[in-house]
Each structure stands twice: as C-alpha cells, then as structure tokens.
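Position 1 is the first residue of the sequence, and the numbers go up from there.
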Amino acid sequence: MRKPLRKAIFPVGGLGTRFLPATKAMPKEMLPVVDKPLIQYAVEEARAAGIEEMIFVTGRGKSAIEDHFDYSYELQDLLKERNKDAELAMIDNLLPNPGEFAYVRQQEARGLGHAVWCARNLVGNEPFAVLLADDLVQAKTPCLKQMVEVYNEVGGNVVAVMDVPKAHTDRYGILKTGKESGRLVEAAGLVEKPKPDVAPSTLSIIGRYILQPDVFAHLDQQTPGAGGEIQLTDAMAKMCGRGRFHGYRFEGRRFDCGDKAGFIEANIAYALNHPKIGGRIRDAVLDFAEQQVKVARPEAAE
Ligand code: G1P
C-alpha cells in the first residue's frame, strides 16, 4: 500500500541575495505579500494538503521565522486588553500543535539538495513534500493539495511544472519530457539550469515537490552541480527511469517572490483579491496605468 504523505520540508536557510538590501537582516521568507509572510502562505498550503509534520531547514539569522509561529505574550496580552478579538484569533491560528513543527539547521548554504538532505533523519523512510516559500502559487485549490490528489492516484515522485520562456531555462530545473496525459507529464530526465540552446524542453520545476525517500541515498553522494551547489534536481534526475516520476502542470498562477518584480506582482494580485483593500488597489492600479499612458502617448490622453 502507498504510504500517505504526512511530512513537508521547508528549506529556509537561503540568504536571499536577490532581494538585498531588504533581506540583509530579515529572512526573505518573512517578506509579506499584503499582510502575511511568504512562509505562512507555504505552511497554510501544506496544512490544506493534509501535512502533519513541518520540518524547517533553517540557518543563522532566521529566528524571526520561529518567532512568527510562537507565542508572543506581550502582543497577545495587549490585544486581549483592547478586545481585539479578530487580531487575537489571527495570532492564535499561527501556533502549531505541539510537535507539529521541527527545526534543523543547515550550517552552510550549500544548495537546495544539501538543505533537503539535512532533514533526512526527521523524514525517515516515507514520502515527503518540499515547499519553496518564495514560489507563491495563487490557485483555487492550493497547489500542493492538487499534487496530493494526483499523487494518491499515480504514486512515485511528482513535481509541479510550468512552461517558461526559452530564454529562462537557465533559472530552473528542466524536464526531459516523456508521455503526457492531461496535466501529467512523465519525466524521462531532469537537468538543473540548462542554457536555452541545450535545454531538453521549456517545462520547468517550480518549488513544490512530492518525493520518495530514495532521493536521500542519491543526495548522500553530495556532488556539487550547477553553480557549485548540491542540487536537488541532480539527485532527482537519478530516480528518473527507475520508478514513476511525473511533472504536474498545476492549475494556478505562480509568482517568483525571490525576485523583486515577481514579488511586486504577487502583492498586486493578492491585494486586488483582498476583501478590504481590493477596490482601493484596483483604483490605484488603474490610475497608475492611466498616468503611464499619458507619459508614453500624450496625444492619447487628450
Ligand atoms: C530551485 C531549484 C530549481 C527550481 C527552482 C524553482 O532553484 O534548484 O530546480 O526550478 O528552485 O523556483 P533556485 O530558484 O533556488 O535557484
């Protein structure tokens, strides 16, 4: 029988160099989209997918993440005193059940594969998910939940995929595609960040994975790949052709929140959907766009 998916790894040890200076003293995973930090979206997505144990692979300077999911007595007392019930409930909902969260340190930033490997003893011999918090997916059914539904049917390894412009293949793990059926694509192979002229396709992995524990044996080899880092994609590539491995074209829109422009786009998209501020943001965005048209084509504005 297929083992159920109960555990998820959140690699949060990265230094966030693409987002300096904002991320000098603040973890990039704490950057807010509207009013919630990225890591909270990821945790909520994992909960919605039925994950019971969340493993954070963290590093120096990341303690704000642990604090975010812990009691804040002073704040809670103040909210109680001022009868701010809605805010209090919001803070209470952040608290994990005892034992639900575990933290392990990645002492050196040696790549995503190394970060995942650091969680091997906590994962043990069962399937697990990996969520990269800076890939934010806006979807009717949360991305990982969609993947769990598919995983329950096909088993094996499932990674979230989407097509990217050919010029961008060197930013992603890219699939060598096999048979396709609906939203599922067989992964015949995987390559980390290939140059566009040698990329096997434009179908790229985004930061959601459901993996079998065999991947740890491959990660044990610890061979640096693209960028001199230990790559998860390289370890996964060794599993292609040895068992089921699928890419899943998820439904929804992905924002690369590790990138300044992607992060702003995410904020606009989520703000437009927000019940309280959506209308105001819509007016502001339309107004900005109108101003831009006036600057670009003054005759059109007359
Ligand atoms: C990582 C993975 C890459 C994947 C990407 C998705 O790259 O190594 O395979 O396509 O996340 O966001 P990074 O963005 O950390 O360089």
Side-chain angles (χ1 to χ4, degrees), residues 10 12 14 16-49 64-65 68 84 86-87 89-91 93-94 131-147 160-172 183 202-208 249-302:
F10 301 84
V12 294
T17 49
R18 285 195 290 158
F19 225 118
L20 285 168
T23 48
K24 182 169 176 285
M26 179 177 72
K28 65 172 173 171
E29 298 78 12
M30 288 303 293
L31 288 167
V33 169
V34 184
D35 50 7
K36 256 191 246 177
L38 289 169
I39 190 64
Q40 192 179 332
Y41 286 97
V43 164
E44 287 175 358
E45 187 178 323
R47 281 209 179 113
I65 296 175
H68 184 69
K84 300 224 174 223
E87 287 80 358
M90 201 189 279
I91 305 290
N93 277 339
L94 284 172
L131 293 98
L132 308 186
D134 49 13
D135 274 328
L136 183 60
V137 183
Q138 195 180 35
K140 261 193 242 119
T141 304
C143 185
L144 189 65
K145 187 168 198 283
Q146 296 178 40
M147 291 169 71
V161 294
M162 63 182 250
D163 273 301
V164 296
K166 195 164 170 57
H168 295 176
T169 56
D170 57 1
R171 302 180 188 175
Y172 299 97
R183 289 181 175 272
T202 54
L203 202 57
S204 78
I205 303 175
I206 69 113
R208 300 290 182 277
R249 291 182 201 266
F250 58 96
E251 175 277 317
R253 183 168 181 162
R254 172 257 186 179
F255 298 95
D256 177 6
C257 291
D259 170 78
K260 290 173 192 173
F263 175 73
I264 304 290
E265 284 167 19
N267 266 291
I268 295 172
Y270 278 72
L272 286 170
N273 261 356
H274 193 281
K276 283 206 179 127
I277 62 168
R280 187 166 151 197
I281 299 303
R282 184 176 165 277
D283 292 347
V285 169
L286 290 173
D287 189 39
F288 293 154
E290 210 172 287
Q291 298 301 325
Q292 291 290 322
V293 173
K294 276 189 199 157
V295 174
R297 293 188 294 133
E299 74 288 352
E302 275 161 20

Sorted by chain and residue number, the side-chain hydrogen bond (donor to acceptor under 3.5 Å, both in side chains) partners of E265 (sequence neighbours excluded) come out as none
Minimum side-chain heavy-atom gap Q40-V43 below 4.5 Å: no
Is T202 reaching over with its side chain to a backbone N or O of D163, donor-acceptor style, under 3.5 angstrom?
no
Value for CD1 (I91) from NZ (K84), rounded to nearest 0.5 Å, stands at 12.0 Å
Residues passing the side-chain hydrogen bond (donor to acceptor under 3.5 Å, both in side chains) test with R254, sequence neighbours excluded, are D135, Y172
Is the side chain of T23 donor-acceptor paired with the backbone N or O of G16 at a distance under 3.5 Å, no angle test? yes
Between the NZ atom in K36 and the CE atom in M90, the distance rounded to the nearest 0.5 Å is 9.0 Å
Scanning both residues in full, the closest heavy-atom pair of V33 with A266 reads CG1-O, 3.8 Å
Do M26 and L31 pass the side chain to side chain contact (heavy atoms under 4.5 Å, CB included) test, and can you show the C-alpha distance, the side-chain angles, and the key distance before you say yes or no?
-> CA-CA 8 Å; M26 179 177 72; L31 288 167; 3.3 Å; yes
Please test I264 against K260 for side chain to side chain contact (heavy atoms under 4.5 Å, CB included), starting from the C-alpha separation and ending with a verdict.
-> CA-CA 6 Å; I264 304 290; K260 290 173 192 173; 5.5 Å; no
### Message
With a 4.5 Å cut-off on side-chain heavy atoms, are L272 and I277 touching?
### Response
no
Keeping R208 on the side-chain end and L131 on the backbone end, is there a donor-acceptor pair under 3.5 Å?
no
Item checked: Validation row: R253, V137 side chains within 4.5 angstrom (heavy atoms) -> no
In this structure, NZ of K28 is separated from CD1 of I65 (nearest 0.5 Å) by 10.0 Å
Closest non-hydrogen atoms of Q138 and N273, given as atom of the first, atom of the second and distance, are NE2-ND2, 3.1 Å
Between I39 and M30 the two heavy atoms that sit nearest each other are CG2-SD, 4.0 Å
Tested for ring pair (Phe, Tyr, Trp, His ring centres under 6.0 Å) against F263, the lone hit among F255, Y270, F19 is F19
For F10, the ring pair (Phe, Tyr, Trp, His ring centres under 6.0 Å) test, sequence neighbours excluded, returns F56
Review point. Would K145 and E45 pass as an ion pair if we require N to O under 4.0 Å?
Key: no
One should read off an interatomic distance between L136 CG and I206 CD1, to the nearest 0.5 angstrom, of 9.5 Å
Output for pair (Y41 OH, C257 SG), nearest 0.5 Å, gives 9.0 Å
>> Under 4.0 Å between a side-chain nitrogen and a carboxylate oxygen: does that hold for R171 and D259?
In response: no
Inset, instruction - Evaluate the criterion side chain to side chain contact (heavy atoms under 4.5 Å, CB included) for residue pair K24 and L20; output intermediate values, then yes/no. - result: CA-CA 6 Å; K24 182 169 176 285; L20 285 168; 4.1 Å; yes
Within the side chain of K294, is there an N or O that forms a donor-acceptor pair under 3.5 Å with the backbone of A289? no
Is there side-chain contact between D256 and R18, with at least one heavy-atom pair below 4.5 Å? yes
Tightest non-hydrogen contact, residues G252 and A139, listed as CA-CB, 3.9 Å
- Query: After noting the C-alpha distance and the side-chain angles of R282 and D287, does the key distance pass the salt bridge (Lys or Arg N to Asp or Glu O under 4.0 Å) rule?
  - Reply: CA-CA 8 Å; R282 184 176 165 277; D287 189 39; over 6 Å; no
Report task. Could you go through the side chain to side chain contact (heavy atoms under 4.5 Å, CB included) check for E29 and D134 one step at a time? Result -> CA-CA 7 Å; E29 298 78 12; D134 49 13; 5.9 Å; no
Quick check: does any side chain N or O of Q146 sit under 3.5 Å from a backbone N or O of F250, one acting as donor and the other as acceptor?
no
